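Down below is the structure, laid out as structure tokens.
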Amino acid sequence: MPSRTLLFLLLLACLALGGCQRVFFAALNVGPTPVAGPSVSYGPAPEHRLDLYPAQGVAAEERAPVVLFLYGGRWQGGRRADYAFVGERLAQAGVLVLVADYRQHPQVGFPVFVEDAALALRWSIAQAAQYGGDPRRVFVVGHSAGAHIRALLATDARYLAAVDLSPRDIAGFVGLAGPYDFLPLTDRDLQTIFGPPEQWSQSQPVNFVDGDEPPMLLLHGADDALVWPRNSQSLARA
């Protein structure tokens with residue numbers, strides 16, 4: 001059976017079963033083992049680790065663009081190992097890729113995971129050249145909850161100011177199906193994650209757009225029923 005057909009059938013089976021994330025990510029990562037570099041610490045907590053995927057096909061005297069990727073999982077799930085396919089594909093395109101873990105609920109709540117992301121960005125800019133990357137071209141990319149966290153770094157300057165950076169130190173932000181304007185919080189788990197209602201407004205990236213943001217690429221499926229497309233539309237209007 002052709003590998004593409006097998007992959008397609010595995011994905012269909014996973015979607016039909018629902019909730020089988022391990023099968024889903026195993027299917028996405030099928031094929032040759034990605035050419036990964038070291039796993040390194042970017043901060044003091046055990047979860048402060050990221051995997052490096054060196055850029056391929058880039059001349060030794062050149063500096064590759066850098067992507068710092070953060071996965072989603074409703075702020076309470078996910079692991080960097082599942083996103084080897086992201087590192088592999090982008091590294092093949094000549095990008096130095098960093099796939100980071102971060103602390104999640106119930107260990108922490110908002111805004112600790114955003115603070116972790118700021119630490120990861122500080123490390124990435126400081127160390128990019130050591131791994132062949134261009135510290136002036138560090139792009140932050142996130143999916144779902146990861147896009148929300150990345151968007152806060154790009155809009156609310158307080159997080160980067162705490163690590164001696166600013167949103168303009170980000171070359172660009174790419175958000176994939178991100179929640180940026182999702183109040184009110186009606187789900188019990190989200191109410192717990194984001195704390196008392198009086199601080200909910202601080203969790204919304206759309207509330208912090210004031211002109212100092214890096215360029216943004218906001219991608220969203222028009223029929224997304226989990227994270228509504230209006231989130232990207234609202235941030236784009238702002």
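All residue numbers refer to positions in the sequence shown, counting from 1. This is a predicted model, so every value here is computed, not measured.
- With a 4.5 Å cut-off on side-chain heavy atoms, L50 and L52 count as touching.
- Ring pair F113/Y102 is perpendicular by interplanar angle, where above 60° counts as perpendicular and below 30° as parallel.
- Between D181 and R237 there is no salt bridge, since no side-chain N of the basic residue sits under 4.0 Å from a carboxylate O of the acidic one.
- Within the 4.5 Å cutoff, the side chain of E47 has no heavy atoms near those of the D116 side chain.
- Atom CG of L183 sits about 7.0 Å away from atom CG of N207, to the nearest 0.5 Å.
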Run the numbers on L121 and L160 for side-chain contact (heavy atoms from CB on, under 4.5 Å), then give the verdict. CA-CA 9 Å; L121 179 62; L160 293 185; 3.6 Å; yes
Mind running side-chain contact (heavy atoms from CB on, under 4.5 Å) on E115 and V108 for me, showing each step along the way? CA-CA 11 Å; E115 295 166 351; V108 301; over 6 Å; no
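- By the criterion of side-chain heavy atoms lying less than 4.5 angstrom apart, applied directly or through intervening Ile, Leu, Val, Met, Phe, Trp or Tyr residues, V58 is not grouped with F139; the two fall into different hydrophobic clusters.
- Within the 4.5 Å cutoff, no side-chain heavy atoms of V141 are placed close to those of R150.
- In summary, the aromatic rings of F110 and W75 are positioned with their centroids too far apart to meet the 6.0 Å limit.
- Taking NE2 from H48 and CG from L119, the interatomic distance works out to 5.5 Å, rounded to the nearest 0.5 Å.
- Looking at L190 and R74, their side chains come closer than 4.5 Å, going by heavy atoms from C-beta outward.
- The CD1 atom of I149 sits 9.5 Å away from atom OG of S144, with the distance rounded to the nearest 0.5 Å.
- For the pair F194 and F182, the minimum side-chain heavy-atom distance is below 4.5 Å.
- The number of heavy-atom neighbours closer than 6.0 Å to CH2 of W228, taken from other residues, nucleotides and ligands shown, is 12 or below.
- To the nearest 0.5 Å, atom CG of residue L96 and atom CG of residue L68 are 10.0 Å apart.
- At least one side-chain heavy atom of H220 sits less than 4.5 Å from a side-chain heavy atom of V227.
- The structure places CG of L185 at 6.5 Å from CD of Q204, a figure rounded to the nearest 0.5 Å.
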Before giving the answer on side-chain contact (heavy atoms from CB on, under 4.5 Å), spell out for L98 and Y131 the whole-Å C-alpha distance, their side-chain angles and the decisive distance to 0.1 Å. CA-CA 10 Å; L98 315 174; Y131 298 98; over 6 Å; no
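- Although no hydrogens or angles enter the test, the distance criterion places a donor-acceptor pair under 3.5 Å between the side chain of S203 and the main chain of W200.
- The shortest distance between side-chain heavy atoms of H148 and P179 falls below 4.5 Å.
- Counting non-hydrogen atoms of other residues, nucleotides and ligands closer than 6.0 Å to CZ of R136 gives a total of 12 or fewer.
- For Y71 and H143, the distance between ring centers is not under 6.0 angstrom.
- Counting heavy atoms from C-beta on, the side chains of D169 and I125 come closer than 4.5 Å.
- One finds the CD1 atom of I170 at 9.0 Å from the OG1 atom of T155 (value rounded to the nearest 0.5 Å).
- No donor-acceptor pair under 3.5 Å is formed between the side chain of R49 and the backbone N or O of R80.
- The aromatic rings of F69 and Y83 sit tilted, their planes meeting at an angle between 30° and 60°.
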Given R158 and F208, is the side-chain contact (heavy atoms from CB on, under 4.5 Å) satisfied, shown in steps? CA-CA 10 Å; R158 293 176 295 179; F208 296 98; 3.6 Å; yes
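- For the pair R63 (side chain) and A129 (backbone), a donor-acceptor distance under 3.5 Å is present.
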